There are 2 protein chains.
Amino acid sequence: MTTGSADKSGKSPRGRAAAVGLSKNQVVAAAVAQIDEKGLAAFSLRELARSLGVSPAVIYWHVGGTKEDLFAEISASITGSLSGSLDAGMPWDARLRQVFRNYRTLVHRHPAVAPLLGAQMKSNGVANLDWVETILSALHDGGYRGDALRPAFNVLVGGLAGFVTMELAPPPVGKPDSAGKGWEDLFAERVAQIDPEVYPLTSAALPDITNRIFVLRWQNGADVSYGDSFELLLDLLIEGLKARAPAVSS
Amino acid sequence: MTTGSADKSGKSPRGRAAAVGLSKNQVVAAAVAQIDEKGLAAFSLRELARSLGVSPAVIYWHVGGTKEDLFAEISASITGSLSGSLDAGMPWDARLRQVFRNYRTLVHRHPAVAPLLGAQMKSNGVANLDWVETILSALHDGGYRGDALRPAFNVLVGGLAGFVTMELAPPPVGKPDSAGKGWEDLFAERVAQIDPEVYPLTSAALPDITNRIFVLRWQNGADVSYGDSFELLLDLLIEGLKARAPAVSS
DNA sequence: TTCCCAATTGAACGATGTTCTATAAGGGAT
DNA sequence: ATCCCTTATAGAACATCGTTCAATTGGGAA
């Protein structure tokens with residue numbers, strides 16, 4: 001296919017092969033698909049080009065700049081669907097809940113891209129301006145203006161987006177130990193060393209706690225529902241902000 | 001120096017040069033220093049070896065395994081100093097505050113390593129077991145036991161550690177636009193397109209909000225104090241957890 | 001037809017993570 | 001003192017990666 005035109009000379013043929021091939025959007029979409037499939041760490045421009053049946057240089061032609069620019073483009077393309085579709089008639093706290101629930105479900109659709117999206121949200125760039133505006137407008141309606149606006153905004157974005165980023169971070173892959181010991185053994189060893197004199201745990205509490213740690217350890221990265229925890233976090237933050245909202249004078 | 005022993009044969013000399021050179025701890029410490037200095041993205045094993053005046057293979061000998069194992073070792077070495085030094089006589093909520101304040105100041109000492117530490121905290125591995133135990137014990141004393149323990153733990157670790165990770169994430173470096181436009185221009189364009197009909201902002205609110213966005217955008221990554229926001233987040237979470245603590249029966 | 005520009009190619013450069021074999025220094029046993 | 005084994009290093013090699021660049025071509029405009 002690609003090498004269909006046989007060339008008698010030793011020189012390999014160069015130049016354009018097909019009609020008008022790729023578009024920038026196609027490149028970005030293919031990149032997202034590949035990250036979703038193989039993970040962010042395993043993503044490479046060359047393999048992206050390979051999967052598109054194209055030379056690596058093509059990526060650079062369509063997406064000007066470097067790999068990080070591709071990442072920015074990816075973030076923008078995903079978070080672009082975040083704006084709009086919000087009933088402005090709702091009370092401000094309900095609006096905030098919905099904004100961040102939307103954010104979470106959106107990010108959950110591309111778990112491997114989560115770190116990129118987190119960084120994007122933090123940077124408050126142009127791509128997510130709608131999103132930022134929605135949050136700021138809700139906080140404004142809730143009485144958070146002037147100097148009070150900024151900490152409230154940071155708390156919501158940092159806390160909630162940070163939560164989602166951590167929630168979706170892949171568990172470490174590496175070896176548990178230089179020997180053949182697995183996490184279980186190491187954990188058991190560690191628990192055996194717990195000195196009730198040092199740790200302020202009643203002997204009744206200890207088994208419960210260590211058991212809980214076990215559960216925590218093993219359910220992380222699995223299909224544990226962080227959803228309940230997210231809802232609790234949302235509740236604590238928004239109810240708290242509501243409770244201590246500055247009085248609106250004007 | 002390194003090639004001091006002249007070798008007449010064409011073969012280059014190999015093998016040990018000095019007495020008993022490096023230790024694993026030295027390698028890890030040098031890696032931390034280098035990440036602190038040049039950033040996590042620019043860190044490479046080869047340059048680490050170069051800065052130690054040593055062959056790349058030496059790193060693999062001292063730190064068995066791969067680059068990620070080195071990262072795990074780094075995380076462990078930093079968060080190792082997180083345990084202990086906590087007055088068990090304090091009320092549980094004060095203990096929680098102190099634990100997470102300690103975490104934040106510790107991570108702030110190595111901002112470039114923050115992503116690694118965040119992942120470590122999420123994984124609840126062996127290295128930070130003391131830390132986890134302290135949090136769980138405080139929550140236990142606060143009445144969070146059984147099924148109530150896990151969401152509370154997730155909220156604290158996910159929210160607060162996630163906040164710190166996001167807070168310290170480096171701002172994106174890339175180009176603002178394919179043209180020569182900077183962030184400012186793009187932002188001005190975007191603001192000019194805001195349709196007051198679409199966005200539920202009073203004309204009085206709009207300038208305030210856009211102004212705030214500007215401030216947010218430009219102060220991120222600079223020396224803005226996220227400390228106040230962190231304290232607010234801490235307050236919201238812990239006061240909230242205190243307010244809705246389950247009643248302790250036993 | 002001629003010319004220009006969008007789109008693509010292959011090759012190349014330097015750097016990286018990782019593995020492998022060779023090798024030298026030191027200590028312990030004989 | 002000699003031999004040997006373990007420890008700690010060197011250097012080379014391999015595959016891959018991000019990025020750049022000159023060369024090339026097809027299609028549309030003039």
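Here the structure is a predicted model, which is why all the values come from computation and not from measurement. Just so we're on the same page: letters track the sequence lines, and every chain starts at 1. Basis for what follows: all heavy atoms, side chains included, without hydrogens, waters or symmetry-related copies.
Across the protein-nucleic acid pair, B/Q26 atom CD and D/dA8 atom P stand 12 Å apart, rounded to whole Å. Remark: C1' of C/dT19 and CD1 of B/I59 are 15 Å apart, rounded to the nearest angstrom. Remark: P of D/dT9 and CG of B/L48 are 13 Å apart, rounded to the nearest angstrom. Following rounding to the nearest Å, A/D69 (CG) and D/dT20 (C1') show an atom-to-atom distance of 15 Å. To the nearest angstrom, C1' of C/dA6 lies 9 Å from NE2 of A/H62.
Side chains of A/V32 and A/F43 form no contact here, defined as non-hydrogen atoms less than 4.5 Å apart.
Considering only residues two or more places apart in sequence or on other chains, B/R50 meets the salt bridge (Lys or Arg N to Asp or Glu O under 4.0 Å) condition with B/E47. Residues passing the ring-ring contact (aromatic ring centres under 6.0 Å, His included) test with B/F100 are B/W131, sequence neighbours excluded. For A/S51, the side chain to side chain contact (heavy atoms under 4.5 Å, CB included) criterion is met by A/Q34, A/L48, not counting sequence neighbours. For A/S77, there are no side-chain hydrogen bond (donor to acceptor under 3.5 Å, both in side chains) partners, not counting sequence neighbours. With sequence neighbours left out, the salt bridge (Lys or Arg N to Asp or Glu O under 4.0 Å) criterion links A/R46 to no other residue.
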N/O-N/O pairs, protein side and nucleotides 17-19 of chain D side, under 3.5 Å:
unit_1, atom_1, unit_2, atom_2, d
D/dC17, OP1, A/S44, OG, 3.1
D/dC17, OP2, A/R50, NH2, 2.8
D/dG18, OP1, A/L45, N, 3.4
D/dG18, OP1, A/K67, NZ, 2.8
D/dG18, OP2, A/L45, N, 2.8
D/dG18, OP2, A/R46, N, 3.3
D/dG18, N7, A/R46, NH1, 2.6
D/dG18, O6, A/R46, NH1, 2.5
D/dT19, OP1, A/T66, OG1, 2.3
D/dT19, OP2, A/Y60, OH, 2.8
D/dT19, OP2, A/T66, OG1, 3.3
D/dT19, OP2, A/K67, N, 3.0
D/dT19, O5', A/Y60, OH, 3.2

Find every protein N or O atom lying less than 3.5 Å from an N or O atom of nucleotides 4-6 of chain D, and list the pairs.
none

Side chains of residues 57-64 of chain B: which donor-acceptor pairs under 3.5 Å do they make with residues two or more places apart or in other chains?
none

In a table with atom names and distances, give each donor-acceptor pair under 3.5 Å that connects a side chain of residues 156-165 of chain B to protein atoms at least two apart or in another chain.
unit_1, atom_1, unit_2, atom_2, d
B/T165, OG1, B/A161, O, 2.9

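Residue B/S55 has its side chain nearest to D/dA10 when only C/dT8, D/dA10, D/dT7 are considered.
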